[in-house]
Every structure is written in structure tokens, then in C-alpha cells.
Amino acid sequence: MNRETYRAMIRGLIATIIEKEVVLGESDAKESVLTILYLLEDLDLFWNSDMEFEENAEHLQHFIDRTREKYTLGGTDG
């Protein structure tokens with residue numbers, strides 16, 4: 001894995017979350033979005049644990065935290 005591949009992978013997963021919310025609506029996208037959030041965290045911990053690929057990992061973590069909060073604190077039905 002290199003920096004460009006890592007960043008493209010993360011951007012693609014974030015774009016997928018956003019697109020699922022738009023196309024399916026938050027309620028129907030919830031299960032998929034939460035699955036992708038867990039995947040994002042796992043991939044970041046595995047590939048970027050030493051901050052080699054992304055020095056500003058707090059931006060990704062902020063997106064993950066904000067999105068998870070939306071889906072787990074009553075932001076959607078289900």
C-alpha cells in the first residue's frame with residue numbers, strides 16, 4: 001500500500017457513505033453506513049497506525065465520529 005492508494009481508498013469509502021445517504025436516505029442507509037464506518041476505522045488502524053499515509057488522521061476520525069453519532073443517537077429511525 002502506498003499513500004495515494006490509501007487516500008483513494010479512504011476517499012472512495014467516504015464518498016460511498018455520502019452517496020448512500022443521498023440515494024437511499026439516512027434511514028435506509030443506516031446499516032450500510034455503520035458497516036462502512038467500521039471498515040474505515042479498521043483500515044485506518046491497520047494501514048495508517050504509524051501515521052505514514054495520513055498525518056492528519058484526526059480529520060478522518062472526526063468524520064467517523066460525527067457520522068456514527070448521527071446514526072446511533074437517534075438521528076435515523078431503526
Side-chain angles (χ1 to χ4, degrees):
M1 174 80 64
N2 61 38
R3 182 182 298 243
E4 292 78 27
T5 303
Y6 168 83
R7 288 181 173 174
M9 175 182 64
I10 296 299
R11 282 192 309 268
L13 291 170
I14 290 171
T16 301
I17 287 173
I18 293 167
E19 189 67 15
K20 282 183 173 274
E21 289 178 331
V22 170
V23 172
L24 301 175
E26 288 181 6
S27 183
D28 289 339
K30 179 179 180 177
E31 184 177 338
S32 293
V33 167
L34 291 173
T35 298
I36 295 168
L37 288 176
Y38 289 119
L39 178 61
L40 272 170
E41 282 184 318
D42 186 53
L43 291 172
D44 184 59
L45 284 171
F46 182 78
W47 289 107
N48 196 44
S49 62
D50 60 1
M51 305 289 224
E52 177 183 349
F53 296 131
E54 183 59 65
E55 301 82 15
N56 298 315
E58 68 272 2
H59 296 293
L60 175 60
Q61 191 60 51
H62 179 70
F63 172 81
I64 291 169
D65 292 344
R66 191 177 65 236
T67 305
R68 181 171 284 123
E69 183 177 330
K70 177 170 55 172
Y71 283 93
T72 58
L73 294 180
T76 62
D77 296 329

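Source: prediction; values computed, not measured.
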To the nearest 0.5 Å, what is the distance between [atom1] on [X] and [atom2] on [Y]?
X	Y	atom1	atom2	answer
Met1	Leu43	CE	CG	7.0 Å
Leu39	Met9	CG	CE	8.0 Å
Leu40	Arg68	CG	CZ	9.5 Å
Glu69	Asp65	CD	CG	8.0 Å

Handout entry: Closest non-hydrogen atom pair between Ala29 and Lys20, with its separation
Key =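 Residues Ala29 and Lys20, closest heavy atoms: CB-O, 3.6 Å.
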Practice task
Start with the C-alpha distance between Phe63 and Ile17, add both sets of side-chain angles, then the distance that settles side chain to side chain contact (heavy atoms under 4.5 Å, CB included), and finish with yes or no.
Solution key: CA-CA 11 Å; Phe63 172 81; Ile17 287 173; 3.9 Å; yes
Practice task
Classify the ring geometry between Phe53 and Tyr6 as parallel (under 30°), tilted (30 to 60°) or perpendicular (over 60°).
Solution key: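 Answer is parallel, since the angle falls under 30°.
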Exercise for the section: Tell me whether Tyr71 is reachable from Ile18 by hopping between hydrophobic residues (I, L, V, M, F, W, Y) whose side-chain heavy atoms are closer than 4.5 Å. Expected result: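 Same cluster: Ile18 reaches Tyr71 through Ile, Leu, Val, Met, Phe, Trp or Tyr contacts under 4.5 Å.
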Handout entry: Same apolar cluster: Leu45 and Leu60, side chain cutoff 4.5 Å
Key =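 No; tracing contacts between hydrophobic side chains, which count when under 4.5 Å, never links both residues.
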Practice task
Go through Trp47 and Glu54 one step at a time and tell me if the side chain to side chain contact (heavy atoms under 4.5 Å, CB included) criterion holds.
Solution key: CA-CA 10 Å; Trp47 289 107; Glu54 183 59 65; over 6 Å; no
Practice task
Mark yes when over 12 heavy atoms from residues, nucleotides or ligands other than Gln61 sit less than 6.0 Å from its CD; otherwise mark no.
Solution key: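 Atom CD in Gln61 is crowded, with more than 12 foreign heavy atoms closer than 6.0 Å.
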Practice task
Run through Ile64, Ile14, Leu13 and flag the one making a side chain to side chain contact (heavy atoms under 4.5 Å, CB included) with Ile36.
Solution key: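 Of the listed residues Ile64, Ile14, Leu13, the side chain to side chain contact (heavy atoms under 4.5 Å, CB included) partner of Ile36 is Leu13.
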Problem - Check: Glu52 main-chain N/O paired with Arg3 side-chain donor or acceptor under 3.5 Å - result: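 Yes.
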